[in-house]
Asker: 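I'd like to ask you about the structure that follows.
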Amino acid sequence: MTTTSERVSGPPARQVSPRVSQSVFDGSRLRVVLLVDVYDGAQQQFLEAYELLCNQVASVPGHVSDQLCQSIENPSQWLITSEWESAPPFLAWVNSEEHVRMVEPLHSCVRDTRSLRFHIVRETGSPAPDAASRRRLQASPRIGDGLIRHALTFTVTPGSEEKVAKILADYASPEPKVDDSTRLCRTSLFMHGNRVVRAIEVRGDLLAALRHVARQPEVRAVEEAINPYLEQDRDLDDPESARVFFTRAALPAVHHVTLEQQDPREERHALSYPARPGCGMRLAESLARQDETAADDPRSPILRSTIFQRDDVVVRLIDVRGGLAAADPALALGLEDPGQLAELTTFRIDASAPRHGELARCIELARMDLVTDRRSPEA
């Protein structure tokens, strides 16, 4: 417990736009908390697996430190905390195939896990940090809208797109109420070629909502129906196969901006950006920077923007007043600099063509096909 005599480090608070409710790109240090429930009798096995993992993680760029703690009340409950220089290097690691391989030894001794990620806003009880350390603290708290945004993505075999789209469009919506504090608010499903993206908005506990959806018979029927068309095999009756599939399918939201509340003229669109190999995170950051700047323009038709990114998969979900065709191409695409387009994406830019025409062409190449967009009652 801190006392009034302890010193609070960090720069003075500054006003941050309440429109920005989420971002991983502010450079703040990151604290990751992993709650672990270990099988009875497997504590020593878990400790040995952790020590092996710890030695590997120590060499990951951006990793600062970690701690392993065991509950004084229940020896089956453990807590792993780690600190990272910022969120992007952690996300690059946790979403990688390297991470999937690293944590595999833990699965046989762990019953359940829960991961929480936090930007560090203030520190107490320590000497004042230097200027560089202060810059790596989140300057002010962000203002959210009570919704958690997440997406899943996977690919299907070429030639099966039409069949898959029909299966995904025809499913019955699951019960939106998860429990007294958690509710499914909206599900938007898009396809771009053979890639499927399912974006969800949840009020409450995201993990509880995902588990709730997975248990619904109508959802399970759809998942079984598309199994034959998936490029990555999975067996939903095998917990390990299902876990690996959904781990790889996770497409986290890395930035979100809200300009205003719902407008009856708005349309939901999704753009899938062809990132150059190794440029996915930089592309997502560039999109986030322009969207955050555009949020201060009252004339902008982009009411909400959410950027999802994993490796080189970058998807931007936007709610547009009046539709995509009516929006300024630069705002709609989120990238107006031809140099950035050429450096970060595989879009072919014709320098001799009119700027707006080239941007509009890129939008058409990136635009995903809407399969279904469903709001829950009272959402």
Side-chain angles (χ1 to χ4, degrees), residues 34-39 42 45-46 49 53 76 80 91 93-117 148-157 160-161 163-165 167-176 178-179 182 184 187-191 194-202 204-253 308-311 313 315 371-372:
L34 184 65
L35 306 174
V36 184
D37 186 12
V38 177
Y39 288 118
Q45 178 188 351
F46 170 73
L53 175 64
S76 295
I80 301 173
L91 292 174
W93 172 71
V94 80
N95 292 327
S96 68
E97 287 297 312
E98 179 187 15
H99 175 260
V100 172
R101 292 190 298 269
M102 274 190 193
V103 300
E104 190 172 353
L106 294 174
H107 298 152
S108 61
C109 50
V110 170
R111 181 184 294 108
D112 194 18
T113 62
R114 181 179 179 83
S115 179
L116 305 170
R117 296 94 183 258
I148 301 171
R149 296 167 175 88
H150 188 69
L152 296 172
T153 186
F154 50 86
T155 55
V156 297
T157 53
S160 69
E161 295 90 347
K163 293 178 182 177
V164 170
I167 294 170
L168 294 173
D170 290 344
Y171 83 99
S173 298
E175 167 61 38
V178 178
D179 54 39
T182 300
L184 295 169
T187 299
S188 305
L189 202 147
F190 294 85
M191 292 186 69
N194 69 329
R195 178 168 296 281
V196 177
V197 172
R198 179 189 290 135
I200 64 171
E201 296 175 3
V202 173
D205 187 327
L206 174 63
L207 185 57
L210 293 175
R211 289 175 172 170
H212 165 79
V213 170
R215 289 192 296 264
Q216 304 306 304
E218 58 271 27
V219 173
R220 180 61 179 258
V222 168
E223 298 290 350
E224 294 288 358
I226 65 173
N227 266 350
Y229 306 111
L230 297 176
E231 286 199 314
Q232 180 191 339
D233 291 335
R234 69 178 180 187
D235 180 359
L236 294 177
D237 292 323
D238 178 356
E240 182 63 13
S241 175
R243 185 198 64 77
V244 171
F245 178 87
F246 287 111
T247 295
R248 289 179 171 144
L251 188 61
F308 301 94
Q309 181 262 332
R310 179 192 180 96
D311 298 329
V313 178
V315 173
V371 177
T372 182

Asker: Can you tell if the side chain of Leu184 reaches within under 4.5 Å of the side chain of Val202, non-hydrogen atoms only?
Answerer: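 SC-SC contact between Leu184 and Val202 confirmed.
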Asker: Looking only at heavy atoms, which two atoms of Glu218 and Ala172 are closest? And how far apart?
Answerer: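 For Glu218 and Ala172, the tightest heavy-atom pair comes out as CG-O, 3.1 Å.
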Asker: Do the non-hydrogen side-chain atoms of Thr153 and Val315 ever get within less than 4.5 Å of each other?
Answerer: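 Thr153 vs Val315: side chains apart.
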Asker: Counting only N and O atoms by type, is there a donor-acceptor contact under 3.5 Å from the side chain of Ser241 to the main-chain atoms of Asp238?
Answerer: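 Such a contact is absent between Ser241 side chain and Asp238 backbone.
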Asker: Nearest heavy-atom pair of Pro252 and His150: which atoms, and what distance?
Answerer: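 It is CA-ND1, 4.2 Å.
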Asker: Starting at CD of Glu161, measure out to OH of Tyr229 and round the result to the nearest 0.5 Å.
Answerer: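 So the gap between those two atoms works out to 11.5 Å.
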Asker: Which value, rounded to the nearest 0.5 Å, describes the distance between Leu251 atom CG and Arg149 atom CZ?
Answerer: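 Going from the CG atom of Leu251 to the CZ atom of Arg149 covers 14.5 Å.
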Asker: Applying salt bridge (Lys or Arg N to Asp or Glu O under 4.0 Å), name anything that partners Arg310, two or more places apart in sequence or on another chain.
Answerer: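 Testing Arg310 for salt bridge (Lys or Arg N to Asp or Glu O under 4.0 Å), a comparison that skips the adjacent residues, returns none.
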Asker: Do Phe154 and Gln232 have side-chain heavy atoms sitting under 4.5 Å apart?
Answerer: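 When only atoms from C-beta onward are counted, Gln232 and Phe154 do not touch, as no gap falls below 4.5 Å.
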Asker: Not counting sequence neighbours, which residues clear salt bridge (Lys or Arg N to Asp or Glu O under 4.0 Å) with Asp235? List them please.
Answerer: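 Expected list: none.
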Asker: Considering only heavy atoms from C-beta outward, does the side chain of Phe246 approach that of Leu236 to under 4.5 Å?
Answerer: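 Yes, side chains in contact.
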Asker: Mind checking the CE-CD spacing from Met102 to Glu104? Nearest 0.5 Å is all I need.
Answerer: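 Going from CE on Met102 over to CD on Glu104, the span is 12.5 Å.
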Asker: Grab the two heavy atoms, one from Val178 and one from Ala208, that are nearest each other, plus how far apart they are.
Answerer: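 Heavy atoms of Val178 and Ala208 come nearest at CG1-O, 3.8 Å.
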Asker: Looking at Ala209, is its backbone amide N or carbonyl O close enough to the side chain of Thr182 to form a donor-acceptor pair, meaning the two atoms are under 3.5 Å apart?
Answerer: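 No, Thr182 side chain to Ala209 backbone: no donor-acceptor pair under 3.5 Å.
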Asker: Drop me the distance from Asn95's CG to Gln309's CD, to the nearest 0.5 angstrom.
Answerer: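 So the gap between those two atoms works out to 7.5 Å.
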Asker: Mind telling me whether His99 and Trp93 have parallel, tilted or perpendicular rings, with 30° and 60° as the class edges?
Answerer: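 Ring orientation, 0 to 90° scale: perpendicular.
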Asker: Using every non-hydrogen atom in the two residues, find where Phe308 and Ala199 come nearest and quote the distance to one decimal.
Answerer: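 Minimum heavy-atom separation between Phe308 and Ala199: CZ-CB, 4.2 Å.
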Asker: Are any side-chain N or O atoms of Asn194 and backbone N or O atoms of Val156, one a donor and one an acceptor, separated by less than 3.5 Å?
Answerer: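 Yes, because the side chain of Asn194 sits within donor-acceptor range (under 3.5 Å) of the backbone of Val156.
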Asker: Any side-chain heavy atom of Leu168 sitting closer than 4.5 Å to one from Ile226?
Answerer: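 They are in contact (side-chain heavy atoms under 4.5 Å apart), so the answer is yes.
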Asker: As an exercise, state the distance from CD of Glu223 to CD1 of Ile167, rounded to the nearest 0.5 Å.
Answerer: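 Going from the CD atom of Glu223 to the CD1 atom of Ile167 covers 10.5 Å.
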Asker: Are Leu206 and Ile200 side-chain neighbours, meaning at least one heavy-atom pair lies under 4.5 Å?
Answerer: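 Yes, at least one pair of side-chain atoms sits under 4.5 Å.
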Asker: Applying side-chain hydrogen bond (donor to acceptor under 3.5 Å, both in side chains), name anything that partners Asp233, two or more places apart in sequence or on another chain.
Answerer: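 So Asp233 forms no side-chain hydrogen bond (donor to acceptor under 3.5 Å, both in side chains) with any residue.
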Asker: Set out, in order, the CA-CA distance, both residues' side-chain angles and the distance that settles side-chain contact (heavy atoms from CB on, under 4.5 Å) for Tyr171 and Thr187, then state yes or no.
Answerer: CA-CA 12 Å; Tyr171 83 99; Thr187 299; 3.9 Å; yes
Asker: Taking Glu175's backbone N and O only, do any of them form a donor-acceptor pair with His212's side chain (distance below 3.5 Å, no angle check)?
Answerer: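 It does hold such a pair.
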Asker: Is there a side-chain contact between Arg114 and Asp205 in this structure, where contact means two heavy atoms from C-beta onward sitting under 4.5 Å apart?
Answerer: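 Counting from C-beta outward, Arg114 and Asp205 do come under 4.5 Å.
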Asker: Enter the distance from Ser96:OG to Arg101:CZ here, rounded to the nearest 0.5 Å.
Answerer: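 Here the interatomic distance stands at 7.5 Å.
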Asker: With heavy-atom distances below 4.5 Å as the criterion, would you say the side chains of Val313 and Arg195 are in contact?
Answerer: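 A side-chain contact exists here, since the closest heavy-atom pair is under 4.5 Å.
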Asker: How close do Ser108 and Gln45 get, counting heavy atoms only, and between which atoms?
Answerer: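 Minimum heavy-atom contact is OG-NE2, 2.8 Å.
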Asker: Looking at every non-hydrogen atom in both residues, tell me the closest pair between Val197 and Ala151 and how far apart they are.
Answerer: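 Result for this residue pair: CG1-CB, 4.4 Å.
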